[in-house]
Asks: 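Below: one structure in structure tokens.
Atoms considered below: every heavy atom in the structure, side chains included; atoms not considered: hydrogens, waters and symmetry mates. It should be emphasised that the depicted structure is a prediction, and the values quoted were computed from it without experimental measurement. Lettering of chains follows the sequences in order, A, B, ..., and the numbering in each one begins at 1.
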Protein chains: 2
Amino acid sequence: MYEAITIKDIGKALGLSTSTVSRALRGSYEISSETKKLVLEYAEKINYRPNPVALSLKGRRNCSIGVIVSEIANNFFSQAINGIESIAYNRGYHIIISQSHESYEREVVNIHHLASRSVDGLLVSLSSETKDLSHLINLHEKGLPIVFFDRVTNEINTYKVIADNQKASYDATTHLINKGYKKIAHITSAVNLSITKERLEGYKNALTENGIAYNEKYVQYCNHGGMMTEEIEEALKSLMAQKQKPDAVVTASDRITTCLLSATKKLKIKVPEQLAIVGFTNTNIPELFNPPITTIRQPAFEMGQVATELLIKIIESKRPVTEFETKVLDTELTVRESA
Amino acid sequence: MYEAITIKDIGKALGLSTSTVSRALRGSYEISSETKKLVLEYAEKINYRPNPVALSLKGRRNCSIGVIVSEIANNFFSQAINGIESIAYNRGYHIIISQSHESYEREVVNIHHLASRSVDGLLVSLSSETKDLSHLINLHEKGLPIVFFDRVTNEINTYKVIADNQKASYDATTHLINKGYKKIAHITSAVNLSITKERLEGYKNALTENGIAYNEKYVQYCNHGGMMTEEIEEALKSLMAQKQKPDAVVTASDRITTCLLSATKKLKIKVPEQLAIVGFTNTNIPELFNPPITTIRQPAFEMGQVATELLIKIIESKRPVTEFETKVLDTELTVRESA
DNA sequence: TTTAATTACGCAAACGTTCCCATGCAGTTG
DNA sequence: CAACTGCATGGGAACGTTTGCGTAATTAAA
């Protein structure tokens, strides 16, 4: 279709073999500086670009990183992606973004696609449906560098970057308790996600430490993570239908928080009078909501940056990396009118 | 790195040549049905996946579509991408997303990267800095299918998908006029974008048709399209510093609208008492803002879908497509309290 | 029975690049 | 002057796949 300029064309034009041209372009010490200069200048002139597909076939790095998240249309992830890109761009890497839409099947398909297009590494935030990790374990065992962020797993030993979810929801819950709320509910994501567990843990700890009994009925899991508004609405209805209506709620994700606010409006529940809300969200405009919303903000951009740095570190490491750690970044609780 | 299963492995295991295996997998008529069955079953069994990199090298389609937008962290674009993906996924295409961050340079680099990874086609929404289109013209002339959406150009003859921007901002402006506002400002994106021109046109038309003089000073261009909050704040300050302060404003993009609302809060300008606002935005939660905001909503998801269908149509067309059209989709004005 | 057609398969080139292994030549050493 | 070294370069295989062409075996037609 496009007849791109190849190394052969250069060779032909200059009366050199392809091997010489290839070496000259890579600056091999074997090539005389005159020839190098000649080749380099000519290549520059005709605007030669090596064909990355051919490079991939030869098994060389192609300086691209695959990113898979559940949903781009989500403040947290889009900010994280911007962080990823900010580092990748500086280090000469391209990023290829893919979405799982919280579907296990799509996650598998997309990860295979990325791997088979021979990205040099993968930045992964798991879908909420994912329980079986064999697709990733396979790739990891074959040596593909992988770094997890936000939604991680401990079935794979590699670098992970997460927010201090446990502490964040502990603080949020404690804040509510200190404000005098006693019947605090928790609306959270799919039960098997790492973030769900961590956030639930913090919530529980805060309750028990303050002598409030943990009530299972106050915890609502949303398997679609807020992608479906009905789900949140159901959760809210189910909470408000209980004999002991909760007077506050800690929400565990970006979409859940905004959807919940929407749902309270729809069901005419007054915030914070009837129900106080403090939620995880990375919206840029929490103060514009009615009421301005008390938020737990994750350092999304920074998480993306850190994850990318770690990934590139593995990719560029001469020897296989075997010592990994999990970076835990601080969150930020900002109190506004909703709680 | 990963030793994937190749066609050779299958051949070796089955005592067949690679060509036979290849043909059997593609269902060639030259291969006996027994052999086909044998190969197919074995391939299935060992979970063979053709190497897309090798396929690309051979110049075959690889069923992937490159998408470039200015910014993912933008309701309009993330919804459009979801629309793109919904079609692509059904038709067996993968999408590779890239951001220009409104930078011409990044747009060029990323488009080259996508093209050189031999995507089958490109879905493009131009960056606000882009004036020179030679990078795209080149690819287009070489036969790479390209469809533009939202931010288009008429320098390239291909399919385009846009919202009816002219009508949308005409309607919005008319709505303000009907509400009694007379001093209507317009905060918009970079001056050279197609959407900017179209939206400005509608704004102007509404004014003149209602006997209101068009005032150049009431139009503020934001070259970063709302990516920088300061820019919007400056625009607002500059408007409010005029002798004849505007009493209403039509904002021309997602980020501009929310940033403007933020800025009014910061500068303690009451909406809609001191300044009415109606804006283009695709936020899912316009009713949650304070005040609930009057919006012009673009059919982002649908635009993505239509653009993708058209692109795949070009990609899969046997003969070169030469007749193109520009699809114009309706927008939706929803009146809320901000105007 | 000979010849032609058909079927079912293999060989090898090609895509663009890298890289190991020559090869030729100049200069140096003994 | 033979043997070696170092240098600059070329030849060609390899990566995984497709595909044009060739060909053996079988079958059908003459």
Side-chain angles (χ1 to χ4, degrees), chain A residues 1-40 42-43 46-64 112-113 115-118 120 142-143, chain B residues 1-40 42-43 46-64 112-113 115-118 120 142-143:
Chain A
M1 176 151 58
Y2 348 67
E3 308 86 27
I5 297 141
T6 78
I7 222 172
K8 276 187 194 168
D9 302 330
I10 300 182
K12 212 172 288 174
L14 264 40
L16 292 168
S17 76
T18 57
S19 7
T20 306
V21 176
S22 170
R23 276 186 272 250
L25 288 170
R26 309 233 148 262
S28 161
Y29 66 98
E30 306 186 274
I31 304 297
S32 72
S33 44
E34 301 147 55
T35 310
K36 264 186 207 168
K37 200 180 156 202
L38 192 68
V39 171
L40 254 11
Y42 185 73
I46 63 173
N47 197 30
Y48 165 78
R49 302 268 165 247
N51 180 335
V53 175
L55 292 183
S56 304
L57 227 213
K58 283 302 279 185
R60 295 193 107 248
R61 285 219 304 268
N62 49 91
C63 286
S64 55
H112 276 146
H113 179 242
S116 63
R117 298 212 106 204
S118 59
D120 301 327
K142 285 177 180 162
Chain B
M1 175 151 56
Y2 350 66
E3 308 86 29
I5 296 140
T6 76
I7 220 171
K8 277 187 195 169
D9 302 330
I10 300 182
K12 211 171 289 172
L14 263 41
L16 293 168
S17 76
T18 56
S19 15
T20 305
V21 177
S22 169
R23 274 185 271 252
L25 289 169
R26 308 233 149 261
S28 161
Y29 65 96
E30 301 187 278
I31 305 298
S32 72
S33 43
E34 302 146 53
T35 311
K36 266 185 207 168
K37 199 181 157 203
L38 191 70
V39 171
L40 253 11
Y42 184 73
I46 63 172
N47 198 29
Y48 164 79
R49 302 268 165 247
N51 179 336
V53 176
L55 290 184
S56 302
L57 227 214
K58 280 305 274 186
R60 294 193 108 252
R61 285 217 306 267
N62 50 84
C63 287
S64 57
H112 275 145
H113 179 244
S116 64
R117 298 212 106 204
S118 59
D120 301 326
K142 285 176 181 163

Asks: Within the 4.5 Å heavy-atom criterion, are B/Leu25 and B/Ile7 side-chain neighbours or not?
Replies: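 Yes; the side chains approach each other to less than 4.5 Å.
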
Asks: Rounding to a whole Å, what distance do you find between B/Tyr29:OH and C/dT7:P?
Replies: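 Interatomic distance, OH of B/Tyr29 to P of C/dT7: 10 Å.
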
Asks: Identify, with sequence neighbours excluded, every residue that meets side chain to side chain donor-acceptor pair (under 3.5 Å) alongside A/Thr6.
Replies: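 A/Thr6 satisfies side chain to side chain donor-acceptor pair (under 3.5 Å) with no other residue.
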
Asks: Between A/Lys8 and A/Ser17, is there a donor-acceptor pair closer than 3.5 Å when you use the side chain of the first and the backbone of the second?
Replies: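 Such a contact is absent between A/Lys8 side chain and A/Ser17 backbone.
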
Asks: Would you give a per-nucleotide map of nucleotides 13-21 of chain D, 5' to 3', where B means the base has a protein non-hydrogen atom under 4.0 Å away, S means only the sugar-phosphate does, and - means neither?
Replies: -BBBBBBB-

Asks: Is there side-chain contact between B/Leu55 and B/Pro50, with heavy atoms separated by less than 4.5 Å?
Replies: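 SC-SC contact between B/Leu55 and B/Pro50 confirmed.
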
Asks: Side-chain N or O of A/Thr35 versus OP1/OP2 of D/dT9: is the shortest distance under 4.0 Å?
Replies: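 For D/dT9, OP1 or OP2 has a side-chain N or O of A/Thr35 closer than 4.0 Å.
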
Asks: What bend angle does the helix from C/dT1-D/dA30 to C/dG30-D/dC1 show across its length, from five-pair end axes and to the nearest 10 degrees?
Replies: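 Axis angle across the helix from C/dT1-D/dA30 to C/dG30-D/dC1, nearest 10°: 70°.
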
Asks: Considering every strand and a 4.0 Å limit on heavy-atom distances, what is the contact class for A/Gly11: base, sugar-phosphate, or nothing?
Replies: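 Nothing: the residue A/Gly11, judged by heavy atoms under 4.0 Å, touches no strand.
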
Asks: Rounding to a whole Å, what distance do you find between A/Lys12:NZ and D/dG10:P?
Replies: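 Rounded to the whole Å, the gap is 15 Å.
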
Asks: Go through the structure and list residues passing side-chain contact (heavy atoms from CB on, under 4.5 Å) with A/Leu38, not counting sequence neighbours.
Replies: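 Counting only residues at least two positions away or on another chain, A/Leu38 forms a side-chain contact (heavy atoms from CB on, under 4.5 Å) with A/Leu14.
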
Asks: Give the rounded distance in Å between these two atoms: NZ of A/Lys37 and P of D/dT9.
Replies: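 So the NZ-P distance, A/Lys37 to D/dT9, works out to 15 Å.
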
Asks: List for me each residue that meets side chain to side chain donor-acceptor pair (under 3.5 Å) alongside A/Arg26, sequence neighbours excluded, and say none if there are none.
Replies: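 Not a single residue meets the side chain to side chain donor-acceptor pair (under 3.5 Å) criterion with A/Arg26.
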
Asks: Name all residues meeting the side-chain contact (heavy atoms from CB on, under 4.5 Å) criterion together with B/Pro52; count only those two or more places apart in sequence or in a different chain, and write none if there are none.
Replies: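 A/Ser116.
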
Asks: Would you say A/Tyr48 and A/Asp9 make side-chain contact, with heavy atoms under 4.5 Å?
Replies: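 Contact flag for A/Tyr48/A/Asp9 side chains = no.
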
